[in-house]
Amino acid sequence: MKSISFATVVFCALTIAQTRSSEILVIFPTTAQSHYRVVRPLIHSLLDRGHKILAITNFPDAAERANLSHIDISGLKPHSKFKTNNNGIINTMKRVITNFNTYATILNHPTVAKLLESRQKFDLVIAEFFTSTPIFAPIATVVDAPIVGFCPMITFPWINEVMGMETTMSYMPSLLSNSTDSMPFFQRIVRQINKNHYGIQTESVIKTMANLSMIMTNNYHSMFLPFPKLPGIIEVGGIHVVDPKPVPQDLNDFINGAEHGVILFSLGSVVSEESLGADKLNNILDAFLRLKQRVIMKFDADKYKIQLPVNVKVVKWFPQRDLLAHPKVLLFISHAGMMSTIETIHCGKPMVAIPIFGDQIFNTKLLVEKQVAVAIEYKHLESDQLFDAINEALTEKYAIKAKRLQQLYNDRPHSPLETAVYWTEYVIRNKNESKELLKSQKVHLNFYQSNLIDISAAFLIPLIMTIYIIQWTMKRLRKH
């Protein structure tokens, strides 16, 4: 036993030595702080292991570290919030197109442009895998490094295709749709940006991202849906969840005085509270007034002249993860955003989900199917519906299901962060081969090759010709 332990220690030491002091470029242009929270633990852990990191980000670390530097792009793109209405496909498309054009300006940022012109070499690039990925993926070629995509969602269009596997929509649903290569206007925007900045012209969005060695996703199969995946798709769902800290004193006093427990309410950081009409807000507060539980509500109430129920405490911000861990917190009323959903599962609490847009609708459907959440459509957010949904979600059935899902979520061989660190350093250690190690060879095949159309044709054409010749011969013989 001692020899095995010693061998393990030696192996780990050698593994660390092979990847120590690597130069890593992180490109996370998101303006959503919740998205950056997903990659930040990986950045910090890699720094702790001796790697040097240059991060292109809107959220530079406040604490200085000798092996961390930033290109601060904050201000290039304002953080726009979603309204509680008008989130249809047309507005979503407009938003994506606007984001493409805005993110392209990052390549013209003086410090970024200087970096690209210098041809500085890196050992790895970590890039946000989202709508802007096709714009930034070619940077890996410029800096001569393998690239790892980091998706803040559980699944997203293009993930399977980039790794060389088709998406089977019957049981592998996407957050949006199976809109992989059927996006002509996206194609044109991406091609133009890449041609102007990198001098490359790719035939599709997928080909633009063909150099990705691996993609990490904010998923874990027991939380959501299990389906086939290639080795290059690594699940690190929950990586952003850190150990809980003590709750601030004012909130702690409010919680401890709650004889029947506490309910949390938050619509996250990307939903515009200004678009929450007074009628909806009054419906919410009226439902809370009828509860025996106390409610902590994350909401900017300064814009509204409202009379708060005695059992409701309104704050502009609260430590969501720490509050969810508190034993007297019974339920979370949420928009069902990805980070909020994972934190709720991590803490084993049921949810009342009020999805507004995007992945929130997808997440809600999965949570309802697992019987850990009760859903309300925003347009049907009436006082009675909310009151009934809260009381249903507070029943023992939902509490038991939530605790069971928590157990399944935690039952994994390594923590999400350990998994992310290992596979990141795996790509660095195998830099020259990493682009092919974790993918299917399908990425190199076109449509007719991957569907064996050429092989089928090779067999069918001679057969068809033979049948034709036989029929022609028989007709000739009949005439004579």
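Start at 1 with the first residue, then count along the sequence.
R412 forms a cation-pi arrangement with Y409, by the criterion of a distance under 6.0 Å to the ring centre and an angle within 45° of the ring axis. With a 6.0 Å cutoff to the six-membered ring centre and a 45° limit on the axis angle, R429 counts as a cation-pi contact of Y422.
Here the side chain of N219 pairs no donor or acceptor atom with the backbone of G237 at under 3.5 angstrom. Between the side chain of D300 and the main chain of K316, no donor-acceptor pair closer than 3.5 Å is present. Using modelled atom types, no side-chain atom of K229 and backbone atom of N160 make a donor-acceptor pair closer than 3.5 Å. Proximity of a side-chain donor or acceptor of S434 to a complementary backbone N or O of Y426 within less than 3.5 Å is not detected. Counting only distance, with no hydrogens or angles, the side chain of H70 and the backbone of D72 share no donor-acceptor pair below 3.5 Å. In terms of modelled atom types and a separation under 3.5 Å, the side chain of K52 and the main chain of S69 share no donor-acceptor contact. Remark: the backbone N or O of E23 is paired with a side-chain donor or acceptor of D123 at under 3.5 angstrom. Of the possible polar contacts, one joining the N67 side chain to the H51 backbone as a donor-acceptor pair under 3.5 Å is found.
Contact record, G337 with D359: C-OD2, 4.4 Å, taken as the closest heavy-atom pair. Annotation for I135 and N194: closest pair O-OD1, 3.8 Å, computed over non-hydrogen atoms. Summarising the geometry of P146 relative to K431, their closest heavy-atom pair is CD-CG, 3.5 Å, with the distance given to 0.1 Å. Contact between N211 and A137 at its shortest, heavy atoms only, is ND2-O, 3.0 Å. Between Y220 and E235, the closest heavy-atom pair is CA-OE1, 3.6 Å. Considering every non-hydrogen atom in both K370 and M223, the closest pair reads CE-O, 2.9 Å.
Using a 4.5 Å cut-off on side-chain heavy atoms (C-beta onward), F150 and V236 make contact. P29 places a side-chain heavy atom less than 4.5 Å from the side chain of I73. In this structure, the side chains of V427 and L437 stay at 4.5 Å or more apart for every pair of heavy atoms. You'll find the side chain of F332 reaches within 4.5 Å of the side chain of S266, heavy atoms only. Using a 4.5 Å cut-off on side-chain heavy atoms (C-beta onward), V374 and Y398 make contact. Inter-residue side-chain proximity for V329 and K349 is flagged as met; some heavy-atom pair is nearer than 4.5 Å. Taking the side chain as every heavy atom from C-beta outward, I234 and M214 approach each other to under 4.5 Å. Residues V262 and H326 have side chains not in contact (no heavy-atom distance under 4.5 Å, counting atoms from C-beta outward).
The only option from T217, I239, T30 that meets the side chain to side chain contact (heavy atoms under 4.5 Å, CB included) definition with V38 turns out to be I239. Residue T341 is tested with H346, Q360, M351 for a side chain to side chain contact (heavy atoms under 4.5 Å, CB included); the sole match is M351.
In this structure, the separation between NZ on K439 and CD1 on I215 is 8.0 Å, given to the nearest 0.5 Å. Summarising the geometry, atom CG belonging to L25 is positioned 5.5 Å from atom CG belonging to L54; distances are rounded to the nearest 0.5 Å. From L68, atom CG reaches atom CD1 of I24 across 11.0 Å, with rounding to the nearest 0.5 Å. How far CD1 of I354 is from CD1 of I356: 7.0 Å, rounded to the nearest 0.5 Å. Here OG of S132 is found 9.0 Å from CZ of F28. Values are rounded to the nearest 0.5 Å. Distance check, rounded to the nearest 0.5 Å: CD of Q406 to CD1 of I345 gives 10.0 Å.
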What verdict does the side chain to side chain donor-acceptor pair (under 3.5 Å) test give for Q320 and S340, after you've listed the backbone C-alpha separation in whole Å, the side-chain angles of each residue and the deciding distance to 0.1 Å? CA-CA 8 Å; Q320 181 172 293; S340 293; 2.9 Å; yes

Between L264 and L324, is the side-chain contact (heavy atoms from CB on, under 4.5 Å) condition met? List the steps. CA-CA 8 Å; L264 303 182; L324 283 168; 3.9 Å; yes

Take H197 and N108 through the test side chain to side chain donor-acceptor pair (under 3.5 Å) and record every step on the way to the result. CA-CA 9 Å; H197 289 88; N108 293 323; 3.1 Å; yes

Worked verdict on R321 versus E343 for salt bridge (Lys or Arg N to Asp or Glu O under 4.0 Å): CA-CA 6 Å; R321 187 269 179 273; E343 288 173 10; over 6 Å; no

Step by step, would you call V143 with I139 a side-chain contact (heavy atoms from CB on, under 4.5 Å)? CA-CA 6 Å; V143 301; I139 287 182; 4.3 Å; yes

Please determine whether side-chain contact (heavy atoms from CB on, under 4.5 Å) holds for the pair V39 and E128, giving the CA-CA distance in whole Å, both sets of side-chain angles, and the decisive distance to 0.1 Å. CA-CA 9 Å; V39 76; E128 182 185 25; over 6 Å; no

Show the numbers, then the answer: is there a side-chain contact (heavy atoms from CB on, under 4.5 Å) between T419 and H414? CA-CA 6 Å; T419 302; H414 306 287; 3.8 Å; yes

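For P319, the side chain to side chain contact (heavy atoms under 4.5 Å, CB included) partners at least two apart in sequence or on another chain are P248, L251, W317, D322, L323.
The neighbour count for Q407 CD, taken as heavy atoms of other residues, nucleotides or ligands under 6.0 Å away, is above 12. Around the NZ atom of K365, the shell of radius 6.0 Å holds no more than 12 heavy atoms that belong to other residues, nucleotides or ligands. The 12-atom threshold is exceeded at NZ of K121, counting heavy atoms of other residues, nucleotides or ligands nearer than 6.0 Å.
Between R40 and D61 a salt bridge is recorded (basic side-chain N to carboxylate O distance below 4.0 Å).
In this pair, F59 and Y36 present their aromatic rings tilted. The plane angle is within the 30 to 60° band.
Between H35 and F130, the distance from one ring center to the other falls under 6.0 angstrom.
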